[in-house]
Amino acid sequence: MGHFENLNLEEVLTGLPPTENAAKMEFFKKDRKARDKLVSFVSNDCLGYIREKQTAKEMWESLKDVFAKKSIVNQVLLRKQIMNFIPLL
């Protein structure tokens, strides 16, 4: 999230909108900017994961869910493959 922190947008990826009108307006401006950034960073092949999401937080959570799960599965498969090739001592 470093890029979003540098742009002061991390709160829209992790928090809820404030209840005060002035703060809410600022939050939604940041949310729009974060959504634009996410769409620009995501490859066309992955846009389907975020296309129907309404907020940057929803987009971020969707991407985390998809790719974190895949990463864990890949790690387990890789470990199994390594164990099959490394002789036990």
Side-chain angles (χ1 to χ4, degrees):
M1 260 195 324
H3 184 70
F4 288 93
E5 289 171 359
N6 292 341
L7 295 173
N8 197 26
L9 298 174
E10 73 278 0
E11 72 183 90
V12 298
L13 299 179
T14 59
L16 297 172
T19 55
E20 304 164 10
N21 283 340
K24 192 184 290 187
M25 293 295 288
E26 183 63 26
F27 182 89
F28 288 122
K29 284 180 187 177
K30 287 181 177 183
D31 183 74
R32 182 182 204 168
K33 187 173 182 178
R35 284 184 285 136
D36 290 344
K37 290 290 182 188
L38 283 169
V39 169
S40 72
F41 292 154
V42 172
S43 73
N44 290 341
D45 296 339
C46 299
L47 284 175
Y49 298 125
I50 61 174
R51 182 171 285 128
E52 299 297 320
K53 306 304 179 199
Q54 300 298 312
T55 66
K57 183 177 181 178
E58 289 175 356
M59 290 177 163
W60 184 250
E61 292 297 322
S62 178
L63 291 170
K64 281 193 334 186
D65 289 346
V66 169
F67 292 105
K69 288 178 184 174
K70 287 184 179 178
S71 294
I72 291 169
V73 170
N74 287 340
Q75 289 175 11
V76 170
L77 291 174
L78 182 59
R79 286 181 186 175
K80 284 182 180 180
Q81 289 175 349
I82 290 171
M83 292 307 291
N84 288 332
F85 290 110
I86 298 176
L88 297 175
L89 298 177

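Quantities reported herein were computed from a predicted structural model and do not represent experimental measurements. Throughout, residue positions are numbered sequentially from 1 according to the sequence presented.
- Residues Val12 and Lys57 approach most closely at O-CB, 3.3 Å, considering heavy atoms.
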Could you tabulate the donor-acceptor pairs under 3.5 Å formed by side-chain atoms of residues 15-34, not counting sequence neighbours?
unit_1, atom_1, unit_2, atom_2, d
Lys30, NZ, Glu11, OE1, 3.0
Asp31, OD1, Ala56, N, 2.9
Asp31, OD2, Arg35, NE, 2.9

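- When the side-chain contact (heavy atoms from CB on, under 4.5 Å) test is applied to Leu7, the partners found at least two apart in sequence or on another chain are His3, Leu9, Lys37.
- Heavy atoms only, all atoms of each residue included: Glu52 and Gln54 are closest at O-NE2, 3.4 Å.
- By the side-chain contact (heavy atoms from CB on, under 4.5 Å) test, Val42 is found to be paired with Cys46, Leu47, Ile50, Leu63, residues two or more places apart in sequence or in another chain being considered.
- In this structure, the separation between CD on Glu58 and NZ on Lys53 is 6.5 Å, given to the nearest 0.5 Å.
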